[in-house]
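First comes the structure, then the notes that go with it.
Numbering starts at 1 and runs along the sequence shown. Just so it is clear, the model here is predicted, and its values are computed rather than measured. Excluded from the calculations below are hydrogen atoms, water molecules and symmetry mates; all remaining heavy atoms, backbone and side chain alike, are included.
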Amino acid sequence: MENLHQERVAVTAVNPNMRSYEETYSSFQFEEVEKQFSWYETGKVNMAYELIDRHVHNGLSDKIALYYSDNARDEQYTFADLSKQSNRFANVLRKLGINKGERIFIFMPRTPELYFSLLGSLKVGAVVGPLFEAFMESAVKDRLLDSEAVAIVTTPALLGRIPRSELPSLKHIIVFGDEVEAGEGIVNFSSEMAQASEEAEIEWLGREDGLIIHYTSGSTGKPKGVFHVQNAMIQHYYTGKVVLDLKSDDIYWCTADPGWVTGTSYGIFAPWLNGASNVIRGGRFSPSDWYNTIQKYGVTVWYSAPTAFRMLMGAGDDTVKQFDLSSLRHVLSVGEPLNPEVVRWGLKVYNQRIHDTWWMTETGGQLICNYPSMEIKPGSMGKPLPGVQAAIIDDSGNELPPYRMGNLAIRTPWPSMMRKIWNNPSKYEEYFRLQGWYVSGDSAYQDEDGYFWFQGRIDDVINTSGERVGPFEVESKLVEHPAVAEAGVIGKPDPMRGEIIKAFISLREGYEASEELKQDIYKFVKEGLSAHAAPREIEFKDKLPKTRSGKIMRRVLKAWELSLPTGDLSTIED
Ligand code: 6R9
């Protein structure tokens, strides 16, 4: 195994001006973080205030906080503008009698109004619940029922997916769009905003008061409501500094939708806590549109996901050459393992090291990362942040030595750790079943330099001929094959070998499925990785099943293969 990890990309290979590890951390004190926020003086805090109004009071009123564009709109808002718009929305909510701690859902496409609503909700001390606009009725219903939401902000197109009569707690539907008829329980966003004052009282909160609920699906059963509190801002601010490396003149773009935790923790909280200018691009993914966004705004720090990088890679190097991407100085990835092939490609075409970061909805913020000041080993998710203790443990909580695959676990607590699973204390306790550890459900190992290597979700690890194989290693080898665009690998029960490896593959443009190609791919993995890790079965698919955040759903592949029920599919892409 050891010889797999010789490939390294040093910091200076790309950016000699990046500050060093020592420089980054010797100057960084947690007390300095605490001093930024209101509680340092008053004992009270409010995320929306810390994100926006604090900067207005500190002389950044006229700085652009939000660059927004989609195919129809092109707008920009200063910190002062966002302060006023969120104040207006806070007043709309106050008029409706919404109180601290109540749940407000936001169910709309990315537009400036989504951000006004979210910030305004936070200003009155409500707990926000962002939803993907693609959710269908049953997904919306499950989440609103479970959290007993009192209000939801939406658009006319999505209104039909909110089953009001089945949601006894839901009192207000606030609709943004043309021709909205206000009526019983229906509030017209635009006309209420127009009447509301630009000044609003902030609801001052304690550090352990609620902030946000993100629903995340497990492999079985209903989605879990992961509940976070105001205190998470310490992690968001800190990782914004040391992982995103945000400085005052950065133009930052996180491509994630707020329906996914990446779109809130790192699409809203981390950048604005650090006073950065934030780019939001509405609409659908297209390679030229994305490159154009970087060029148009001069994006300097870019945070995206492996699925997007793989699609950009699939679109070819010539597309990259049509744009000026020279503003980029720092590129990051999250959500899935980042294939080494993608890292090599990023170096070649962007002249940037793509920095993998590992974390989860439950962790609220980044924990294991390739931070800017360190050497990258392509395929590794990096090292724990200073102050975070991560380990590989067995099922009894014993720490395992380097190169042993096991449970990836984090010593509790850290500032942005979830505080509960809504309505489900026993589910919450399962994560903490091994004394002092948060058990992530991911399988990984550590190398002798302390780098962590992701293998798969624990449930996805394959046992073939007595060897444990992580699907990620096989998938990463597969995408090195010139014909393979994406690959999802599962274990298929086999009387002789326990399990055999089966790969589902989508092909790159210009390649045709054939028996010869299957054989060639099999040989490619056998020779490049190992015989036991080579897929004995290959099936070509036009598309792999993925979540809205771009994760390949291996459990769905497995369920298809074995004709089993697929479980909760609310987060699947169309
Ligand atoms: C932020 C986010 C969490 C799960 C996590 C793991 C996978 C995330 C990863 C990664 C390998 C990385 N994951 N980052 N796997 N390398 N850098 O994605 O949250 O949607 O809750 O998913 O995603 O399996 O356990 P969430």
Between [Y] and [X], does any NZ, NE, NH1 or NH2 come within less than 4.0 Å of an OD or OE carboxylate oxygen?
{"X": "E486", "Y": "K541", "answer": "no"}
{"X": "K296", "Y": "D74", "answer": "yes"}
{"X": "K377", "Y": "D447", "answer": "yes"}
{"X": "K492", "Y": "E537", "answer": "yes"}
{"X": "E375", "Y": "R353", "answer": "no"}
{"X": "E475", "Y": "R310", "answer": "no"}
{"X": "E561", "Y": "R555", "answer": "no"}
{"X": "D289", "Y": "R281", "answer": "yes"}
{"X": "R329", "Y": "D250", "answer": "yes"}
{"X": "D317", "Y": "K348", "answer": "yes"}
{"X": "D318", "Y": "K321", "answer": "yes"}

Answer yes or no: does atom [atom1] of [X] have more than 12 heavy-atom neighbours from other residues, nucleotides or ligands under 6.0 Å?
{"X": "K141", "atom1": "NZ", "answer": "no"}
{"X": "K546", "atom1": "NZ", "answer": "yes"}
{"X": "D395", "atom1": "CG", "answer": "no"}

Assert yes or no for the condition that the ring centre distance of [X] to [Y] is strictly below 6.0 Å.
{"X": "W359", "Y": "Y266", "result": "yes"}
{"X": "Y438", "Y": "W414", "result": "yes"}
{"X": "F309", "Y": "W302", "result": "yes"}

Assess the residue pair I501 and V525 against the criterion (side chain to side chain contact (heavy atoms under 4.5 Å, CB included)); give the C-alpha distance rounded to whole Å, side-chain angles, the decisive distance to 0.1 Å, and a yes or no. CA-CA 11 Å; I501 293 177; V525 179; over 6 Å; no
Which atom pair, heavy atoms only, marks the closest approach of [X] to [Y]?
{"X": "P109", "Y": "T155", "value": "CD-CG2, 3.9 Å"}
{"X": "I462", "Y": "G491", "value": "CG1-N, 3.5 Å"}
{"X": "P271", "Y": "L246", "value": "CA-CD1, 3.7 Å"}
{"X": "C369", "Y": "L385", "value": "SG-CD2, 4.3 Å"}
{"X": "T363", "Y": "S416", "value": "O-OG, 2.7 Å"}
{"X": "F454", "Y": "R457", "value": "CZ-N, 4.1 Å"}

Tell me whether the rings of Y350 and W345 are parallel (<30°), tilted (30 to 60°) or perpendicular (>60°).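 Rings of Y350 and W345: perpendicular, as their planes differ by over 60°.
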Students often mix this up, so state it plainly: with edges at 30° and 60°, are the rings of W253 and W290 parallel, tilted or perpendicular?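 Correct class here is perpendicular.
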Apply the side-chain contact (heavy atoms from CB on, under 4.5 Å) test between S117 and each candidate in T111, V153, I152; give the one that qualifies.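 With S117 as partner, side-chain contact (heavy atoms from CB on, under 4.5 Å) holds for just one option, V153.
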Do V226 and I213 have side chains that approach each other closer than 4.5 Å (heavy atoms only, starting at C-beta)?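 Result no, sub-4.5 Å side-chain heavy-atom pair not found.
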Got M136 and S570 here, is their nearest side-chain heavy-atom distance under 4.5 Å?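 Result no, sub-4.5 Å side-chain heavy-atom pair not found.
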Side chains of [Y] and [X]: any donor to acceptor distance under 3.5 Å?
{"X": "D442", "Y": "W358", "answer": "yes"}
{"X": "Q446", "Y": "Y451", "answer": "no"}
{"X": "D245", "Y": "Y371", "answer": "no"}
{"X": "H236", "Y": "S265", "answer": "yes"}

Working note: Y428 + W422, criterion side chain to side chain contact (heavy atoms under 4.5 Å, CB included); need CA distance, chi angles, decisive distance, verdict. CA-CA 9 Å; Y428 183 76; W422 198 266; over 6 Å; no
Trace of the side chain to side chain contact (heavy atoms under 4.5 Å, CB included) decision for Y291 with T319: CA-CA 9 Å; Y291 290 141; T319 318; 4.1 Å; yes
Are any side-chain N or O atoms of [X] and backbone N or O atoms of [Y], one a donor and one an acceptor, separated by less than 3.5 Å?
{"X": "N339", "Y": "V342", "result": "no"}
{"X": "T264", "Y": "V261", "result": "yes"}
{"X": "S327", "Y": "V299", "result": "yes"}

Could you tell me whether R143 sits above the aromatic face of F135, with NZ or CZ closer than 6.0 angstrom to the six-membered ring centre and within 45 degrees of the axis?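 Yes, a cation-pi geometry.
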Between I368 and L408, is a side chain to side chain contact (heavy atoms under 4.5 Å, CB included) present by the stated rule, with each step listed? CA-CA 11 Å; I368 300 178; L408 173 59; 3.8 Å; yes
Report the C-alpha separation of Y303 and T357 in whole Å, then their side-chain angles, then the decisive distance to 0.1 Å, and conclude whether the side chain to side chain donor-acceptor pair (under 3.5 Å) test is met. CA-CA 10 Å; Y303 198 9; T357 64; 2.5 Å; yes
Pairs involving residues 468-490, ordered by first then second residue, that meet ring pair (Phe, Tyr, Trp, His ring centres under 6.0 Å) (sequence neighbours left out):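 Those involving residues 468-490 are H481-F524.
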